[in-house]
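Every chain is numbered from 1, with letters handed out A, B, ... down the list of sequences.
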There are 2 protein chains.
Amino acid sequence: MEKKLSHSEENYLKEIFHLSGELHEKVSTNALAERLNAKASSITDMLKKLGEKKLVSYQKYKGCSLTQKGEQIAIYIIRKHRLWETFLVNKLNFGWDEVHDVAEQLEHIRSVKLINSIDELLNFPKYDPHGDPIPDKDGNINYMESKISLSETAVKSKVEVVSVDEDSMALLKYLDEIKISIGTILTIHNRISFDESMEVQIAGGNKMNISKKVADSIGVRFKSKI
Amino acid sequence: MEKKLSHSEENYLKEIFHLSGELHEKVSTNALAERLNAKASSITDMLKKLGEKKLVSYQKYKGCSLTQKGEQIAIYIIRKHRLWETFLVNKLNFGWDEVHDVAEQLEHIRSVKLINSIDELLNFPKYDPHGDPIPDKDGNINYMESKISLSETAVKSKVEVVSVDEDSMALLKYLDEIKISIGTILTIHNRISFDESMEVQIAGGNKMNISKKVADSIGVRFKSKI
DNA sequence: TTTTATTTTTAGACACGCCTAAAAATTAAA
DNA sequence: TTTAATTTTTAGGCGTGTCTAAAAATAAAA
Ligand SMILES: [Mn+2]
Ligand SMILES: [Mn+2]
Ligand SMILES: [Mn+2]
Ligand SMILES: [Mn+2]
């Protein structure tokens, strides 16, 4: 009954989960193709297969979404991914820009005992090194409340960095350089309307300019007005 | 130039290494087929491919052996396998009978930094939980000297258990039951010629009977005469 | 040495996961 | 609403790693 899925199938489920977002929106073939670095025709093939396995609900030309079973598996893969990333950073001193690629491999290791032991070793962390929530053993995900993008914050507000987009190594390295990490407190001083960049200041540091693109990929939580 | 090998190719190299032993004997197609749970025809196919890649030297009907390059890769896979097993036992409290299957998966994770970090975390262990030597970063293997099989020991001698065959979970569980582990000191009291079983005694314990099959799979080192 | 048994290789096939090119359906624009 | 652009699916193919069945080579027995 419980057949093993291939790495590829697991990756598809994971990516559908990410693309469908919290509202469980339908995911288009092309969107998946881009994220999975494959051609649309390959996606169609796989969606048919996952459809037959009842992991995805799929109708021609209408996009796809995860079934309950498919979502459960996706969440489990994400749990493993984020726990491994946390392990690499907390126990092996990897940088937060070095963990994603390895976690992409480790997330496919099949051993419930192993991942639960790692969880315990790390003391049941709630967030991974990029601020993403780690699903618990039962698949519950604690999304951080009142999190918004830095690019949406009002001038004069004071916020705490709680997450960053993990996709780009270049971004993570850049954030290291400008000393922004999870927990950093930022004061928003100004927004330049010409290019939508922002002037922000790290507590006790100099003001600096942050491009729209960077601000978009930083998640923050409101702290207080100045 | 340095293309990635598939899990399957890595497993073939590893198994050829194990079967060819310290003397680098040629390995037969059938021997490989049995160990790899595949049909002989599949083995032939793969040997051709590995031959073309210069990882194996192979001539029809003559068996195969690893090239230097192939051996180097095999040893690296084995290094990873044994380090992961050690990690699981030492850091995550797995039993020595629970680690092999997971290590079969983990040995294929590609990250030099990861495995060297695990090595460091474990303080550069020399032997894995089954007493097998862990190749170092440069591929050097420190085979334990003067190690012999328990079944070859003389009556009245006193030996220390230094390794056990890791292949059978049943054996490892049985050894747990009769309290034999790496480091256990055994005194050989008698050998029953009828079935070649042996009477041995753990320091401060009762005498017990060990079958030939079990004795064959225990490696020991001479301690002293009684 | 001839015959028989065993081992190994070839031949042909299949599932998987991907691809390109072309057709079909959907969506956007005129 | 008809036409054009975009998205998605189908059709056909390819490399990998496996299999079965049959042929060939080698090893063992007579
Ligand atoms: Mn990641
Ligand atoms: Mn992450
Ligand atoms: Mn093992
Ligand atoms: Mn071992």
Side-chain angles (χ1 to χ4, degrees), chain A residues 1-17 19-20 25-66 70 73-74 77 104-105 107-108 110, chain B residues 1-17 19-20 25-66 70 73-74 77 104-105 107-108 110:
Chain A
M1 197 80 216
E2 287 285 341
K3 324 160 130 171
K4 291 179 198 170
L5 299 181
S6 69
H7 289 198
S8 203
E9 290 171 315
E10 290 185 347
N11 286 334
Y12 273 74
L13 294 178
K14 189 180 53 157
E15 231 33 86
I16 295 169
F17 182 87
L19 288 171
S20 66
E25 296 166 79
K26 290 244 164 139
V27 175
S28 79
T29 301
N30 268 3
L32 268 173
E34 177 164 0
R35 292 276 300 201
L36 289 165
N37 282 113
K39 303 293 157 161
S41 54
S42 309
I43 307 299
T44 302
D45 287 348
M46 183 62 96
L47 289 182
K48 278 183 195 162
K49 201 205 305 180
L50 293 174
E52 276 160 25
K53 292 191 181 184
K54 307 285 188 202
L55 299 172
V56 151
S57 70
Y58 166 66
Q59 300 173 79
K60 280 187 192 179
Y61 296 102
K62 303 260 183 168
C64 68
S65 59
L66 295 176
I73 294 170
I77 306 297
E104 285 290 312
Q105 299 177 62
E107 72 190 4
H108 300 291
R110 268 183 275 270
Chain B
M1 196 83 216
E2 286 284 342
K3 325 162 129 171
K4 291 177 197 169
L5 300 181
S6 68
H7 289 196
S8 202
E9 290 171 314
E10 290 185 347
N11 285 335
Y12 273 75
L13 295 178
K14 190 180 53 158
E15 229 35 85
I16 295 169
F17 182 88
L19 288 170
S20 65
E25 296 166 79
K26 291 248 165 131
V27 175
S28 78
T29 300
N30 267 2
L32 269 173
E34 176 163 1
R35 291 277 300 198
L36 289 166
N37 284 113
K39 302 293 153 157
S41 55
S42 309
I43 307 299
T44 302
D45 287 347
M46 182 62 95
L47 289 182
K48 279 184 196 162
K49 199 203 309 180
L50 293 174
E52 277 160 25
K53 293 192 181 182
K54 306 285 187 203
L55 300 172
V56 151
S57 70
Y58 165 68
Q59 300 172 79
K60 279 188 196 178
Y61 297 102
K62 302 260 182 169
C64 69
S65 59
L66 295 175
I73 294 170
I77 306 296
E104 285 291 313
Q105 299 177 59
E107 72 190 3
H108 300 292
R110 268 184 276 268

Qualifying side-chain hydrogen bond (donor to acceptor under 3.5 Å, both in side chains) pairs, either residue in residues 37-47 of chain B, two or more places apart
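Pairs touching residues 37-47 of chain B that pass the test: none.
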To the nearest angstrom, how far is B/Leu36 atom CG from D/dC19 atom P?
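The distance from CG of B/Leu36 to P of D/dC19 comes to 10 Å, rounded to the nearest Å.
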Distance check needed: D/dA22 P versus B/Lys39 NZ, whole Å only.
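Rounding to the nearest Å, NZ of B/Lys39 and P of D/dA22 are 15 Å apart.
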Return the set of residues passing side-chain contact (heavy atoms from CB on, under 4.5 Å) with [X] (not counting sequence neighbours), or none when no residue passes.
X	value
A/Ser28	A/Asn30, A/Ala31
A/Glu9	A/Leu5, A/Ser6, A/Met46, A/Lys49, A/Leu50, A/Lys53
B/Gln59	B/Lys26, B/Lys62

[X] versus [Y]: any side-chain heavy-atom pair under 4.5 Å?
X	Y	value
A/Leu47	A/Ile16	yes
B/Cys64	B/Ile43	no
A/Lys14	A/Glu104	yes

Using 30° and 60° as the class boundaries, would you call the ring planes of B/His7 and B/His108 parallel, tilted or perpendicular?
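Plane angle under 30°, so parallel.
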Does anything in residues 5-17 of chain A reach DNA chain C, meaning a heavy atom under 4.0 Å, and if so which residues?
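Within this stretch, A/Ser6, A/Ser8, A/Tyr12 sit under 4.0 Å of the strand.
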For a quick check, with a 4.0 angstrom heavy-atom cut-off, what is the B/S/- contact string for nucleotides 7-12 of chain C, read 5' to 3'?
SBBB--
